[in-house]
Amino acid sequence: MANPKSARVVRYEPDPSDIVPFVMEISRGNNTADILQPGEKIVTFDLQPSTTGEQAGLVILTTAGREPSIQDDDPDTRPRIGFWFSIGEDMRDSALFDQPDGFIIGVECTITTDADPSITKQFTMLIRVRNN
């Protein structure tokens with residue numbers, strides 16, 4: 001899947017050799033644009049590189065202490081999904097990241113909620129990776 005035009009690019013711009021944590025905030029509210037409705041919780045989630053993430057060699061880490069996790073999933077707050085990522089060693093020196101604006105990679109998140117019946121939603125977080 002291509003990166004959606006409506007997805008925002010996060011502010012922090014890692015270097016391709018960085019191994020860094022990120023937090024994906026999940027909106028919760030009464031608005032139809034919100035991912036979760038009030039009181040709704042995340043039951044399962046899955047993170048995958050988007051097409052641009054695959055192209056750049058994005059690796060979502062799953063080792064102890066760096067595995068993706070749900071944080072702050074209180075029904076009254078905005079939950080967050082924390083994850084660590086790196087760029088595969090074979091891609092760290094790629095010219096993709098030498099562009100003045102770097103290269104924008106996507107992390108696709110698919111969640112299933114505890115609504116009855118359950119609801120599945122997918123959205124993308126964009127990260128600009130640039131040689132610093």
Side-chain angles (χ1 to χ4, degrees):
M1 167 198 252
N3 292 332
K5 294 181 193 285
S6 61
R8 292 182 295 166
V9 179
V10 298
R11 281 194 264 174
Y12 176 68
E13 297 178 355
D15 184 89
S17 62
D18 291 352
I19 298 174
V20 291
F22 272 88
V23 174
M24 182 181 292
E25 188 171 15
I26 314 300
S27 63
R28 184 193 315 267
N30 292 317
N31 190 310
T32 56
D34 288 314
I35 295 167
L36 297 173
Q37 295 301 300
E40 193 174 26
K41 293 183 79 171
I42 298 170
V43 175
T44 63
F45 71 95
D46 181 61
L47 299 176
Q48 296 293 323
S50 71
T51 302
T52 56
E54 289 175 354
Q55 182 181 357
L58 172 67
V59 177
I60 298 170
L61 303 178
T62 58
T63 56
R66 291 184 172 162
E67 64 271 30
S69 63
I70 296 176
Q71 303 170 7
D72 304 327
D73 193 13
D74 179 300
D76 298 321
T77 62
R78 300 179 108 180
R80 299 173 299 148
I81 294 177
F83 65 98
W84 288 72
F85 86 84
S86 69
I87 299 298
E89 287 186 42
D90 58 327
M91 288 297 294
R92 290 181 185 165
D93 293 328
S94 171
L96 275 178
F97 308 114
D98 292 337
Q99 302 172 59
D101 290 332
F103 187 72
I104 297 175
I105 62 172
V107 177
E108 291 180 1
C109 181
T110 304
I111 64 167
T112 302
T113 73
D114 66 351
D116 187 20
S118 65
I119 294 172
T120 299
K121 293 187 178 179
Q122 185 178 68
F123 47 95
T124 304
M125 175 181 186
L126 301 179
I127 303 167
R128 184 183 318 272
V129 180
R130 168 182 13 220
N131 272 322
N132 295 321

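Note that the numbering runs from 1 along the sequence shown for the chain.
- In this structure, the side chain of N31 engages the main chain of A33 through a donor-acceptor pair within 3.5 Å.
- Under a 3.5 Å cut-off, the side chain of R130 and the backbone N or O of P100 do form a donor-acceptor pair.
- No chain of hydrophobic side-chain contacts below 4.5 Å, direct or via other Ile, Leu, Val, Met, Phe, Trp or Tyr residues, connects I105 to W84.
- Checking side-chain atoms of D15 against main-chain N and O of N132 turns up a donor-acceptor pair under 3.5 Å.
- Transitive grouping of hydrophobic side chains (ILVMFWY, heavy atoms separated by less than 4.5 Å) brings V20 and M91 into a common cluster.
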Original post:
Checking salt bridge (charged side-chain N to carboxylate O under 4.0 Å, His left out) for the pair R128/E13: CA distance, chi angles, key distance, verdict?
Top reply: CA-CA 5 Å; R128 184 183 318 272; E13 297 178 355; 3.3 Å; yes
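- Contact between L58 and G106 at its shortest, heavy atoms only, is CD2-O, 3.7 Å.
- Here the options are I35, V107, T110, the test is side-chain contact (heavy atoms from CB on, under 4.5 Å), and the partner is F123; only I35 passes.
- Counting only N and O atoms by type, the side chains of E108 and S50 include no donor and acceptor under 3.5 Å apart.
- A side-chain hydrogen bond (donor to acceptor under 3.5 Å, both in side chains) check over residues 86-100, counting only residues at least two apart or in different chains, returns the pairs D98-N131.
- One N or O on the side chain of E67 and one on the backbone of G65 form a donor-acceptor pair closer than 3.5 Å.
- The aromatic rings of F22 and F83 sit parallel to each other, their planes meeting at less than 30°, with 60° as the upper class boundary.
- With hydrogens and angles disregarded, a donor-acceptor distance shorter than 3.5 Å links the side chain of D114 to the backbone of K41.
- What you find for I87 and A56 is that their closest heavy atoms are CG2-O, 3.2 Å.
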